[in-house]
Amino acid sequence: MPLFSTSNKRLLLLIGICLCFSLLITAQTNYPTKEGDKVRYEMQIEFRQANLSGICLLNRQNDIVKSSLVNEFGVSLMDFSYNELTKKIKILHLTKKLDRIAVRQLLKHDLPKVLNAMQEGNSSYNNKKYNITYTFSHIKNSEE
């Protein structure tokens with residue numbers, strides 16, 4: 001004797017599909033998808049010698065997402081822009097201690113993957129080669 005009837009299986013499948021779509025819609029609202037959208041994340045970057053934390057601000061302008069990572073004291077750690085058409089990162093500013101060629105290259109490699117993880121609704125990205133973990137959580141606006 002089957003545990004579920006055919007109609008119950010269909011109902012469970014329909015509920016599962018609805019849940020998946022609702023999760024996808026929720027994940028998309030935490031990333032700036034249209035002109036003028038602004039989103040904030042608490043962000044932490046952990047690696048061997050240091051730990052950076054602060055607030056990541058994302059602002060969409062056409063096909064460009066501009067971002068700033070600001071620490072708890074309001075000091076800008078980095079500013080960058082991401083062109084979604086070309087999938088390229090442009091580093092606009094790095095704090096003096098981070099402004100090294102190797103760091104710039106690493107960020108240009110990792111940041112598109114971090115933004116992709118944000119779009120997919122994930123809360124972290126890990127660069128396994130260099131053991132760097134980017135952790136982020138969406139900060140809801142007062143209207144949300």
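Model, not experiment: these values are computed from the prediction.
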Evaluate the side-chain proximity of [Y] to [X]: yes if any heavy-atom separation is below 4.5 Å, no if none is.
X: Leu106; Y: Lys129; answer: no
X: Ile91; Y: Lys108; answer: yes
X: Ile139; Y: Val39; answer: no
X: Met43; Y: Thr135; answer: no
X: Leu107; Y: Ile89; answer: no
X: Leu111; Y: Phe80; answer: yes
X: Arg104; Y: Asp99; answer: yes

When you measure from the side chain of [X] to the backbone N and O of [Y], does any donor-acceptor pair fall under 3.5 Å?
X: Asp37; Y: Lys34; answer: yes
X: Glu35; Y: Asn62; answer: yes
X: Asn83; Y: Leu85; answer: yes
X: Asn71; Y: Phe73; answer: yes

Do Val103 and Leu69 sit in one hydrophobic cluster, given that two such residues count as connected whenever their side-chain heavy atoms are within less than 4.5 Å of each other, even indirectly? yes

Do Ile45 and Leu92 share a hydrophobic cluster, counting only Ile, Leu, Val, Met, Phe, Trp and Tyr and linking them when any side-chain heavy atoms are less than 4.5 Å apart? no

Tyr130, OH atom: more than 12 neighbouring heavy atoms under 6.0 Å: no

Answer yes or no: are there more than 12 heavy-atom neighbours, outside Gln61 itself, under 6.0 Å from its atom CD? yes

Enter the distance from [X]:[atom1] to [Y]:[atom2] here, rounded to the nearest 0.5 Å.
X: Glu42; Y: Ser137; atom1: CD; atom2: OG; answer: 4.5 Å
X: Asn122; Y: Tyr134; atom1: CG; atom2: OH; answer: 15.5 Å
X: Gln105; Y: Asp110; atom1: CD; atom2: CG; answer: 12.0 Å
X: Leu77; Y: Ile55; atom1: CG; atom2: CD1; answer: 11.0 Å

Shortest non-hydrogen contact from [X] to [Y]?
X: Val65; Y: Pro32; answer: CG1-CG, 4.2 Å
X: Ser124; Y: Ala117; answer: O-CB, 4.0 Å
X: Met118; Y: Leu58; answer: SD-CD1, 3.8 Å

The test is side chain to side chain contact (heavy atoms under 4.5 Å, CB included); show your working for His93 and Ser76 and say whether it passes. CA-CA 8 Å; His93 163 76; Ser76 176; 3.6 Å; yes

Can you classify the ring geometry of Tyr41 versus Phe136 as parallel (below 30°), tilted (30 to 60°) or perpendicular (above 60°)? perpendicular

Begin from the C-alpha positions of Ser68 and Cys56 and carry the test side chain to side chain contact (heavy atoms under 4.5 Å, CB included) through to its verdict. CA-CA 6 Å; Ser68 292; Cys56 180; over 6 Å; no

Among residues two or more places apart or on two chains, list those pairs meeting salt bridge (charged side-chain N to carboxylate O under 4.0 Å, His left out) that have a residue in residues 72-98. Arg60-Glu84

Of Ile132, Val114, Thr133, the one forming a side-chain contact (heavy atoms from CB on, under 4.5 Å) with Asn127 is Ile132

